[in-house]
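Take a look at the structure below.
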Protein chains: 2
Amino acid sequence: MAATIVATHERATAAERILRAAGVLFRERGYHGSSMRTLARALRMEAASLYYHFRSKQEILFAILDRTLDDLLAGVGRAVASADGPEARLRAAVRFHVLFHTDSQHEAFLSHSELRSLTQANLRLVLTRRDEYERVFRGLLASGVRAGVFQVADVRLTAMAVLTMCTGVATWFAEGGRLSPEAIADRYVEMIMKSVKR
Amino acid sequence: MAATIVATHERATAAERILRAAGVLFRERGYHGSSMRTLARALRMEAASLYYHFRSKQEILFAILDRTLDDLLAGVGRAVASADGPEARLRAAVRFHVLFHTDSQHEAFLSHSELRSLTQANLRLVLTRRDEYERVFRGLLASGVRAGVFQVADVRLTAMAVLTMCTGVATWFAEGGRLSPEAIADRYVEMIMKSVKR
DNA sequence: GTCTATAACTAGATAGAC
DNA sequence: GTCTATCTAGTTATAGAC
């Protein structure tokens, strides 16, 4: 299922190496700002060779976002299943979300900044699953409210606030910076729990 | 000073109309995904005519971001000056920040998503002033902590969390949607105050 | 599976008429 | 102040050799 997680190291297939390099490049310069030639150069190959692995640049973008959503949905599912009760479940989900945005920083950033560069058909596929992901957080908040442990004025709005706050980590996180991913996740969890608890 | 605020209606100069249209276009398709020809078409003119008003496409992008930062800095200054005490000041600043991101949605969105498309020199100019803006929020949090009304584990991190959460509004806000800008601002203020209060 | 060569097109920007 | 026409360079993608 989550076999879509790409090995970070040695022995990656050519397709995987291309997706990884494209993730970095698209994040740095944007989809339209990145040419197939530039991508090829980063991989020490010619642009034409990319077309043996992917039919188009669009297919590369879609593959990145599609995998990212696989990983997000599988990861949040595992996180929620690992905990009991609304509070522990929300903690686990937020923790996963933040850590995903530090670990898969480039791909996570693209999965919201380059939605506009998808074709209509591909966008529809991605948005359907992103809605599914957001629904998980709305569900966690709603069940905490029902259980009387959370107090939020608007579940939908709070879910968006929580998600965009954590998603923002991908925009400013720097590896080797002042705070480790774990420290950031811990503090984000505390800020959010303090805000939603009854 | 904040005479940089562009009139939304009638009698806008050609340069202002171009900046406004470019804001929408760049937001929808990205800077590199938008051509001068497309921008010209939206304004019912020819691409060459744009060069009478701006020297390059880059100059248009920079002008948008530069004005946006003028407006952000002037606006947050007014907001903070209008209130007394750390709590009321943070409320006012957050409220302004959210409303700015619904009112100037396109430009606000660009001012973080298209930083990567600026030349190095222009980026430096924009980042200097964005840091200044962020410093306002860090200052408000820090003075609340000193006054004993706020309790936050990490002022820097909390400032980033607050700002990216509110900035995120520009990514999903839809005019005429379920919630008015004022309702969103009010609820964001409450969520944030609950999270930072001692 | 990667290459060279190239087709077909679009980009930003300028010259100069009106 | 806006136009038509055009230059130069870069774009995605394909054909076909190796």
Side-chain angles (χ1 to χ4, degrees), chain A residues 6-7 10-65 110 114-123, chain B residues 6-7 10-66 110 113-123:
Chain A
V6 177
E10 27 139 11
R11 288 256 142 254
T13 67
E16 279 163 355
R17 291 197 317 121
I18 292 170
L19 290 182
R20 189 161 289 275
V24 176
L25 191 68
F26 290 173
R27 190 262 160 82
E28 274 171 5
R29 308 153 84 127
Y31 174 74
H32 290 292
S34 309
S35 72
M36 293 295 269
R37 289 200 226 297
T38 312
L39 175 57
R41 203 176 310 128
L43 290 157
R44 287 178 221 272
M45 43 166 51
E46 291 304 314
S49 307
L50 296 169
Y51 289 88
Y52 176 81
H53 302 281
F54 295 94
R55 279 213 286 265
S56 66
K57 185 175 153 186
Q58 172 71 205
E59 194 174 278
I60 294 177
L61 177 63
F62 178 68
I64 293 172
L65 300 198
L110 292 180
E114 290 297 351
L115 290 180
R116 63 188 173 195
S117 302
L118 288 171
T119 59
Q120 264 198 317
N122 284 340
L123 177 62
Chain B
V6 176
E10 26 140 9
R11 287 255 143 254
T13 68
E16 280 164 353
R17 293 197 316 120
I18 291 170
L19 291 182
R20 190 161 288 276
V24 175
L25 192 67
F26 291 173
R27 191 261 161 83
E28 274 171 5
R29 308 152 83 128
Y31 175 74
H32 290 292
S34 309
S35 73
M36 293 295 269
R37 283 170 172 79
T38 310
L39 174 57
R41 203 177 309 131
L43 290 157
R44 288 179 220 272
M45 44 167 47
E46 291 305 312
S49 307
L50 296 169
Y51 290 89
Y52 176 81
H53 302 280
F54 294 94
R55 279 214 286 268
S56 65
K57 184 175 155 186
Q58 172 71 205
E59 195 175 278
I60 294 177
L61 177 62
F62 178 68
I64 293 172
L65 301 198
D66 196 44
L110 292 179
S113 72
E114 290 297 351
L115 291 179
R116 64 187 173 194
S117 302
L118 288 171
T119 59
Q120 263 198 316
N122 284 340
L123 177 62

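Numbers restart at 1 for each chain; the letters A, B, ... are given by sequence-line order, proteins then strands.
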Discussion item. Please classify the nucleic acid contact of Ser34(A) as base, sugar-phosphate, or nothing, using heavy-atom distances under 4.0 Å.
Written reply: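 Answer is sugar-phosphate: Ser34(A) comes under 4.0 Å of backbone atoms only.
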Worksheet item: Which distance, rounded to the nearest 0.5 Å, do you find between the CZ of Phe62(B) and the CZ of Arg55(B)?
Response: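 Reported to 0.5 Å precision, the distance equals 12.0 Å.
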Worksheet item: How many angstroms lie between CG in Leu115(B) and CG in Asn122(B), if you round to the nearest 0.5 Å?
Response: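 The CG atom of Leu115(B) sits 11.0 Å away from the CG atom of Asn122(B).
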How close or far is atom [atom2] of [N] from atom [atom1] of [X], stated in whole angstroms?
X: Tyr51(B); N: dT2(D); atom1: OH; atom2: C1'; answer: 15 Å
X: Arg37(B); N: dT14(C); atom1: CZ; atom2: C1'; answer: 12 Å
X: Leu39(B); N: dA11(C); atom1: CG; atom2: P; answer: 12 Å
X: Ile60(B); N: dA13(C); atom1: CD1; atom2: P; answer: 9 Å
X: Leu43(A); N: dG1(C); atom1: CG; atom2: P; answer: 15 Å
X: Leu61(B); N: dG12(C); atom1: CG; atom2: P; answer: 13 Å
X: Tyr52(B); N: dG16(C); atom1: OH; atom2: P; answer: 18 Å
X: His32(B); N: dG12(C); atom1: NE2; atom2: P; answer: 10 Å

Worksheet entry | side-chain N/O Ser35(B) vs dT10(C) OP1/OP2, d < 4.0 Å |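 Result: no.
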Worksheet entry | Test item: Glu16(A) side-chain N/O and Ala12(A) main-chain N/O as donor-acceptor pair under 3.5 Å |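 No.
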Worksheet item: Hey, which of these two, Lys57(A) or Glu46(B), hits DNA chain D nearer its 5' end, going by closest nucleotide?
Response: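 Nearest-nucleotide comparison on DNA chain D picks Glu46(B).
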Discussion item. Quick check on DNA chain D: between Ser49(B) and Gln58(A), whose nearest nucleotide comes earlier from the 5' end?
Written reply: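 With Ser49(B) and Gln58(A) compared, the 5'-side residue is Ser49(B).
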Worksheet item: Which of the following nucleotides, dT2(D), dT14(D), dT14(C), is nearest to the side chain of His53(B)?
Response: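 Closest nucleotide to the His53(B) side chain: dT2(D).
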Discussion item. Can you tell me which nucleotide in dC3(C), dC3(D), dA13(C) comes closest to the side chain of Ala48(A)?
Written reply: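 Among dC3(C), dC3(D), dA13(C), the one nearest the side chain of Ala48(A) is dC3(C).
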Worksheet item: Does CZ belonging to Arg116(B) count more than 12 external heavy atoms closer than 6.0 Å?
Response: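 Enclosed: over 12 neighbouring heavy atoms sit under 6.0 Å from CZ of Arg116(B).
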Practice prompt. Tell me yes or no: between the side chains of Ser117(B) and Glu114(B), is some donor less than 3.5 Å from an acceptor?
Written response: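 Note: Ser117(B) and Glu114(B) side chains meet the donor-acceptor criterion.
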